[in-house]
Student: 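Here you go, one structure.
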Amino acid sequence: MSDAAASSTYPHRHILGIEGLSPDEITALLDRSESYVEQNRQADKKKSLLRGRTIINLFFENSTRTRTSFELAGKRLGGDVINMSVSTSSIKKGETLIDTAMTLNAMHPDVLCVRHPSSGAAKLLSEKVNCAVINGGDGSHEHPTQALLDALTIRRRRGKLQGLTVAICGDILHSRVARSNIHLLNTMGARVRLIAPATLIPIGVEQLGVEVFHDMTLGLMDCDIVMMLRLQQERMHGSFFPSVREYFAFFGLDYMKLANAKADALIMHPGPMNRGVEIDAEVADDFGRSVIREQVEMGVAVRMGCLEILTENLDRTGARNI
Amino acid sequence: MTGRDDTPGMIAYTNARLIDPASGLDARGAVLTEGETIVEAQPGLFENGVPQNVKNVDCLGACLAPGLVDIRMHTGEPGEEHKETLATAGRAAVAGGVTTMVCLPNTEPVIDDMSTVEFVARRARKHGLAKVYCYGAITRGLAGKQITEMAMLAEAGAVAFTDGIKALVDAQIMSRALSYASTFDLLIVQHAEEPSLTVDGVMNAGETATRLGLAGIPVEAEVIMVERDIRLADMTGGRIHFAHISTAPAIEVIRQARARGVKVTCDTAPPYFALNELAIGDYRTFAKLAPPLRAESDRQAVVAGLVDGTIDVVASDHLPQDEEAKRLPFSEAAFGGTGLETLLPVTLELVHNGHLDLLTALGLITSKPAKLLGLRAGRLESGAPADLMIFNPDKGWKVTDDKLHSKSKNSPFDGRPVQGQVLRTVIDGRSVFELGDKP
């Protein structure tokens with residue numbers, strides 16, 4: 001009963017991005033996700049809510065963590081999960097996105113979880129299929145389930161998001177995680193700071209409602225949360241910084257720089273980490289403050305919450321793919 | 001002339017509002033043509049009726065102007081006939097009131113030798129639709145290294161020289177091209193975009209690109225190239241023309257250079273004064289253009305440049321792309337939009353919005369482009385070719401793909417309500433389009 005009431009507050013067919021969602025909609029997704037955290041810690045983790053439903057993970061980029069997380073989420077809810085990895089290098093680019101979408105659509109899936117190297121790909125796909133689409137990361141645009149799992153991790157540790165100061169550090173330019181987190185944290189009333197060399201800060205990002213710093217010491221001052229980003233060297237064409245050594249010296253998170261944040265500041269990272277590049281190994285493994293493994297745990301719960309809400313919406317609107 | 005069998009006799013276009021930007025004429029009157037030529041275009045002509053031996057076309061009070069002259073379009077032929085051919089481009093042109101068009105050399109093969117210039121002219125003549133002229137490439141194969149036989153290409157019919165949608169990047173080659181071209185008083189046309197600043201870029205750099213997670217092309221990519229080439233033109237005495245100028249700083253630099261007396265001209269295209277980067281919305285690939293749609297402040301600067309005359313000409317920038325090239329994620333989709341059939345109505349928005357009067361707006365797409373490239377076109381005067389456009393400047397219609405004659409449907413104005421409709425297009429005295437002709 002409470003489930004039905006909660007689902008009404010996330011009324012959309014897809015989860016394509018955080019931008020434009022209301023605080024209520026985000027809270028609905030987080031609340032539902034949180035309800036799965038305990039279940040995932042039990043010996044019997046399986047429910048049958050999605051029995052008979054088909055979930056397809058369609059990944060055009062290499063991914064182990066996110067794909068596994070979506071796969072576990074679907075299976076724990078009792079759905080049938082298929083993984084499709086399409087290497088973009090082996091096929092003529094782009095054509096496959098729509099062609100593959102049409103092919104998969106004909107197999108009547110209920111939810112497509114898609115990751116693609118081009119911004120806007122999830123949106124384009126959602127226009128061509130009858131099922132629900134979850135954006136599992138599109139280019140440098142958005143990665144909504146990552147922002148949701150980050151928010152759930154913070155909320156469980158701090159009890160709220162409102163009023164917290166969150167520093168997002170590193171390769172903002174190429175990061176869909178940063179964009180989704182900026183939208184989510186701003187919407188929920190947190191203060192967002194970005195810390196990076198000027199070459200990794202996108203033009204006009206201040207207009208998204210963030211404060212930009214180029215100095216870790218200043219930027220981390222009194223922060224509640226320190227969110228590190230992976231340096232995405234595979235997306236870098238040309239030189240954005242002179243060397244990994246210099247980058248780590250000025251922008252890598254070590255205890256010296258971390259000392260400027262609040263004493264109980266949480267350390268987060270969406271993974272996979274480059275130890276010694278953006279984060280010192282010791283800091284990453286700091287048992288008291290690093291919540292990096294907890295983020296992974298929340299990831300499964302968030303994807304379960306999202307899958308459940310979207311299938312409910314399909315049932316409610318009668319927009320089933322038949 | 002050995003009069004062809006179908007050479008038209010005398011035709012009177014009566015009951016018209018004559019608009020001739022070259023002479024400033026805007027008055028009720030009529031035009032008399034004989035064969036392929038205008039005999040007379042006068043206010044008050046045939047007020048007391050048309051002689052028996054003259055065929056009468058009653059314009060019913062509509063506007064009659066010279067056919068449009070479009071100095072920047074892609075034919076697709078030779079090389080990309082699946083996107084557009086000279087025949088389909090010709091049909092799109094006459095449906096849009098365009099009677100003369102100048103195609104870019106980015107064909108396959110590149111228009112960099114005399115045989116290709118002649119091929120295009122011969123193929124276009126065969127279709128008997130809009131008259132087609134072409135640019136010659138500045139450098140062989142558009143490779144940016146070795147200049148073409150410009151003087152011979154010019155004799156074969158190339159009206160000016162450009163590497164088309166590719167910028168000529170090497171400053172040394174550009175200065176040589178300008179200098180050599182000045183020997184024969186030839187015009188060099190540049191697509192001003194510094195390529196090293198646009199690597200991976202797919203839209204205007206700024207907040208919108210950041211939100212969409214798309215790599216940006218900064219305004220500086222245009223103005224840097226414009227500033228450099230103005231210096232080179234000044235140094236060599238060559239004539240430089242910048243195509244599809246899109247940014248406020250570039251327009252300001254051109255304005256100042258002109259004031260100093262540098263031989264520099266420029267054009268823009270309708271998307272740059274009628275749209276801004278927000279037209280991309282949620283990754284609309286029909287709005288992916290080169291140069292990219294810019295910020296609203298740039299759009300306003302383009303309008304101001306048209307109003308004060310810094311921008312000399314409006315060209316369609318017609319670049320057809322098939323569905324396969326546009327139905328892709330934004331960063332993978334091809335650049336470019338069609339424009340032949342929206343050139344008139346979107347330019348007339350400048351009139352309907354009160355920025356320009358009708359004569360000035362039409363001048364940008366008739367007499368001024370003809371004068372820039374030395375074409376015998378774009379004027380209503382006795383002895384000129386009978387290339388005419390009869391249109392209703394106020395009639396509204398909506399741009400939809402079923403109304404477009406172009407083989408490709410990638411209009412950046414898709415879905416836009418516009419005002420200004422072509423009723424009839426006449427080329428060399430023959431009616432080649434009448435409203436109602438099916439796409």
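Quick note: numbers below take in every heavy atom, side chains included, and nothing from hydrogens, waters or symmetry partners. Computed from a predicted structure; not experimentally measured.
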Student: Side chain from CB out, backbone as N, CA, C, O: work out which of these in A/Gln207 comes under 4.5 Å of a heavy atom of chain B, or both, or neither.
Tutor: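 Its backbone and side chain both get close to chain B.
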Student: Rounded at 0.5 Å granularity, tell me how far CZ in B/Arg327 sits from CG in A/Leu124.
Tutor: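 Interatomic distance, B/Arg327 CZ to A/Leu124 CG, rounded to 0.5 Å: 8.5 Å.
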Student: Can you tell me which portion of A/Arg179 sits under 4.5 Å from chain B's heavy atoms? Options are side chain, backbone, both or neither.
Tutor: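 It is the side chain, since no backbone atom gets that close.
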Student: Looking only at non-hydrogen atoms, find the nearest pair between B/Thr210 and A/Ile203 and report the distance.
Tutor: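 Taking every non-hydrogen atom into account, OG1-O, 2.5 Å.
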Student: Which value, rounded to the nearest 0.5 Å, describes the distance between B/Arg211 atom CZ and A/Ser119 atom OG?
Tutor: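 The CZ atom of B/Arg211 sits 14.5 Å away from the OG atom of A/Ser119.
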Student: Taking all non-hydrogen atoms of both residues into account, name the closest pair between A/Ala121 and B/Pro329 and its distance.
Tutor: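 So the minimum-distance heavy-atom pair works out to CB-CG, 4.3 Å.
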Student: Quick one: what part of A/His183 sits under 4.5 Å from any heavy atom of chain B, side chain, backbone, both or neither?
Tutor: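 Contact with chain B: side chain only.
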Student: At a heavy-atom distance under 4.5 Å, which candidate from A/Ile172, A/Leu208, A/Ile182 has the highest pair count against chain B?
Tutor: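 Most heavy-atom pairs under 4.5 Å with chain B: A/Leu208.
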Student: Can you tell me if A/Asn62 has over 12 outside heavy atoms packed within less than 6.0 Å of its CG?
Tutor: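 No.
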Student: Answer yes or no: does atom CZ of A/Arg65 have more than 12 heavy-atom neighbours from other residues, nucleotides or ligands under 6.0 Å?
Tutor: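 Yes, CZ of A/Arg65 has more than 12 neighbouring heavy atoms, counting only those of other groups under 6.0 Å.
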Student: B/Glu332 and A/Ser118: which non-hydrogen atoms are nearest, and at how many Å?
Tutor: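 In this case the closest contact between B/Glu332 and A/Ser118 is OE2-OG, 2.5 Å.
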Student: Counting heavy-atom pairs under 4.5 Å with chain A, which one of B/Asp282, B/Val199, B/Thr285 comes out on top?
Tutor: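 Top option by heavy-atom pairs under 4.5 Å: B/Asp282.
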Student: Counting a contact as any heavy-atom pair under 4.5 Å apart, which residues of residues 132-151 of chain A contact chain B?
Tutor: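 So far as heavy atoms go, A/Asp138, A/Ser140, A/His141 are the residues that approach chain B to under 4.5 Å.
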